[in-house]
Amino acid sequence: MHGDEHALFGAALAFLAAAVVSVPIAKRLGFSPVVGYLLVGIAIGPVGFNVADPGVVSTVAELGVVMLLFLVGLELKPSNLLSMGHYIFGLGTAQLLLTALAFALLAYFGLGFGVAAAVVSGLALSISGTAIALQLLGERGDLASPYGQRTFSILLFQDIAVVPLLALVPLLAPGGEAEVTRDPKATLLAASLAVAAIAVIVVAGRYLLNPLFRVLARSGAREAMTAAALLVVMGAAGLMEAAGLSAALGAFLAGLLLSESTFRHELEANVDAFRGLLLAVFFMSIGMSLNIDVVLGHIPALLVGTLAVAVVKSVIVYLVFRADNIAPQDSMRAAVALMSAGEFAFVLFPLGLDNGILKPEQADLLIALAALTMILGPLLFAALSRLLPRFARPVAEPPADDFADADGSVLVIGFGRFGQIVSQCLLAQDVTVTIIDKDVEMIQSAGRFGVHIYYGDGTRLDVLRAAGAESMEVICVCVDNKEDANRIVEIVRGSIPNARLFVRSFDRVHSMELLRLGVDFELRETLESALSFGARTLEALGVPQTAAAARIADVRQRDRARLERQMEEGIFAGAEVFRGQKVEPEPLTQPEKPARPLNPEAQDILSHETEFSG
């Protein structure tokens with residue numbers, strides 16, 4: 001036992017050292033950390049230092065995938081998931097069936113596999129690596145992008161599809177269908193267990209977990225919250241696995257049900273550190289499981305097979321994404337991200353071997369092939385991320401619209417949230433308005449609501465003149481970029497000096513800049529909404545409506561007076577307008593209670609400020 005403890009301690013040290021060393025090297029070479037984990041896994045595996053049994057390591061490391069899916073579920077909401085149904089079951093089904101069919105045909109006609117072996121091989125290789133793809137997309141921050149959402153939808157469908165695929169493999173075995181037919185009760189029982197497991201997780205997620213976390217939060221024991229977070233993840237995963245479903249799918253479902261919980265961020269913080277470390281171990285375990293003897297004995301066949309898998313899978317994914325109107329570059333990224341075989345290939349191939357569908361040499365070659373695609377995928381993704389920007393064609397700015405039919409007494413520049421409300425007020429009064437914006441998507445969206453917006457860059461004098469700025473009674477600058485706003489003001493003041501300029505201001509300093517530029521009216525984008533908010537709050541506290549309105553009018557007048565003082569004396573002037581004494585330099589009113597540090601860092605900052613002021 002003592003020797004086993006030393007072996008376990010040595011293996012833990014080896015994995016931690018490998019993680020520490022591999023990431024900086026991979027980053028230095030411009031590759032994803034996944035590549036470093038896979039390669040260092042080969043080095044510490046049986047062919048190298050042989051620090052641990054790959055089978056034992058992979059069992060523990062699969063928890064990294066489980067926690068990854070839990071965190072993905074936390075980021076989603078049930079409503080968002082329902083809106084992705086088309087992508088999950090549309091794109092997911094198309095990708096899985098087309099890829100499985102292509103691989104099955106290659107295995108049957110090209111390698112001489114039997115029908116059952118070809119089907120199992122095609123299905124296993126068509127499933128992509130969830131951990132690898134999500135890690136690659138997460139590193140680029142592309143998970144929230146349109147192609148990232150579709151990629152995730154395909155991965156989620158594949159995780160769901162694993163359940164029937166695991167049930168399908170025994171049916172394909174010699175005599176398997178007859179055996180299932182003889183025992184329909186077992187099949188019905190398995191289905192019932194799966195439904196019951198899902199129901200337990202749903203009920204617990206909706207009615208039990210939030211009260212539990214509330215009790216733990218009141219106790220103030222952070223370690224209990226961490227333990228509870230891990231219990232939720234592993235409990236949901238274990239329950240689903242016991243029911244014959246995917247452990248990762250169970251964790252995802254638990255995360256999804258907790259996505260609207262008030263404790264979501266606490267759970268995410270507690271689980272994330274474990275997820276990162278266990279995912280690193282997972283990728284290392286894949287490298288460790290690579291049978292080097294099989295690789296060295298079949299190098300030509302494996303190279304051809306890996307290339308074939310990469311090309312076929314990438315082409316099919318690319319075509320599926322292009323059919324859904326995803327840009328070519330993003331479709332290429334999705335194709336390479338989904339190119340790698342998935343972790344479930346290491347479950348389906350041994351299952352096929354145990355059921356007599358695959359021969360031992362076939363299973364060894366397929367496992368080696370899957371591992372090689374997992375190494376190749378991140379390398380190609382890193383290379384693609386470097387090459388695509390070099391070959392990307394600069395997006396030509398579309399020409400400004402023809403303003404021949406434009407007429408109006410007010411020109412509104414910018415149709416974002418602010419500009420839309422301004423335009424609604426004017427249009428409701430039957431004021432003729434000309435609206436220009438340079439955001440093509442915004443113009444298309446507005447067109448669906450019956451509002452015609454002209455495409456044009458308001459920072460260009462020729463566009464302003466074409467839009468009729470010289471004959472407008474008022475020009476409303478509603479853009480949300482203060483540099484663009486200032487540039488428009490300068491252009492109009494220089495070339496159309498008689499125009500009345502009403503400008504949206506970003507903040508107090510920007511208001512001062514606009515006033516110095518000579519605008520006729522400026523308004524900070526948050527001022528009136530904040531004053532209105534304050535008025536309603538006063539009324540909620542029992543202040544009569546007239547008194548609240550008078551108080552808000554007084555605050556508005558004082559704010560304007562202070563702004564005028566600041567125009568003359570600088571940003572720190574005029575604080576006494578709000579109080580009888582001067583305060584430096586913000587807030588406008590002196591807080592009633594002194595600042596209280598919430599952590600050591602804040603204590604250090606406050607102590608330095610006290611010394612400085614003293």
Side-chain angles (χ1 to χ4, degrees), residues 410 412-414 416-429 431 433 473-486 488-489 492-493 499-596 606 609-610 613:
V410 177
V412 175
I413 306 173
R417 293 171 297 171
F418 192 94
Q420 289 172 21
I421 297 174
V422 172
S423 301
Q424 288 174 13
C425 296
L426 298 172
L427 293 171
Q429 190 62 29
V431 175
V433 181
E473 294 184 31
V474 179
I475 298 176
C476 297
V477 182
C478 303
V479 297
D480 60 358
N481 182 289
K482 62 181 182 179
E483 286 77 17
D484 286 348
N486 290 351
I488 294 170
V489 170
V492 172
R493 277 287 167 258
R500 286 194 291 171
L501 272 169
F502 284 38
V503 188
R504 167 193 186 178
S505 166
F506 178 75
D507 54 20
R508 194 174 199 85
V509 175
H510 190 210
S511 292
M512 295 166 61
E513 293 176 4
L514 292 172
L515 290 172
R516 291 190 180 101
L517 289 173
V519 301
D520 297 276
F521 176 75
E522 56 76 29
L523 180 67
R524 299 199 297 280
E525 57 189 12
T526 57
L527 176 63
E528 288 300 324
S529 58
L531 290 175
S532 177
F533 194 97
R536 294 300 298 270
T537 305
L538 289 174
E539 292 172 21
L541 294 174
V543 178
Q545 185 175 6
T546 54
R551 176 57 59 196
I552 295 303
D554 179 61
V555 171
R556 183 186 292 109
Q557 187 274 331
R558 288 170 179 264
D559 180 85
R560 194 66 189 181
R562 183 184 180 191
L563 184 64
E564 292 173 357
R565 284 281 304 277
Q566 289 173 322
M567 286 285 295
E568 299 175 0
E569 303 175 20
I571 188 62
F572 297 132
E576 68 274 11
V577 170
F578 281 83
R579 283 291 188 196
Q581 57 184 356
K582 200 167 186 176
V583 291
E584 287 289 345
E586 294 285 356
L588 300 178
T589 59
Q590 186 69 34
E592 295 180 0
K593 297 180 180 179
R596 180 169 58 90
L606 287 174
E609 288 186 352
T610 304
S613 61

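Here the structure is a predicted model, which is why all the values come from computation and not from measurement.
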For Q545, is the CD atom crowded, meaning more than 12 foreign heavy atoms sit under 6.0 Å from it?
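Check fails, neighbour count at 12 or below.
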Sidechain N-carboxylate O distance under 4.0 Å for R493, D520
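Salt bridge flag = yes for D520 with R493.
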Between R508 and E522, is there a salt bridge with N-O shorter than 4.0 Å?
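Looking at E522 and R508, the cut-off is not met.
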Residue pair [X] / [Y]: nearest heavy atoms and the distance that separates them:
X	Y	answer
A499	I475	CB-CD1, 3.8 Å
I552	G534	CD1-C, 4.2 Å
V422	C478	CG2-SG, 4.2 Å
G419	V412	O-CG1, 4.4 Å
F533	T537	O-OG1, 2.8 Å
S529	T526	OG-O, 3.0 Å

Could you check whether any side-chain heavy atom of [X] comes within less than 4.5 Å of a side-chain heavy atom of [Y], counting everything from C-beta outward?
X	Y	answer
V477	V519	no
E528	L531	yes
V410	E473	no

Hey, mind stepping through K482 and D507 against side chain to side chain contact (heavy atoms under 4.5 Å, CB included) and telling me if it holds?
CA-CA 9 Å; K482 62 181 182 179; D507 54 20; 4.1 Å; yes
Atom [atom1] in [X], atom [atom2] in [Y]: separation rounded to 0.5 Å?
X	Y	atom1	atom2	answer
H510	L515	NE2	CG	10.0 Å
N481	I488	CG	CD1	9.0 Å
T546	E539	OG1	CD	9.5 Å
D480	E525	CG	CD	8.0 Å
S511	L523	OG	CG	7.5 Å

Sidechain-backbone polar pair: R551 side chain, A535 backbone, donor-acceptor under 3.5 Å:
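Looks like no, no N/O pair under 3.5 Å.
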Evaluation steps, side chain to side chain contact (heavy atoms under 4.5 Å, CB included), between D559 and R524
CA-CA 11 Å; D559 180 85; R524 299 199 297 280; 3.1 Å; yes
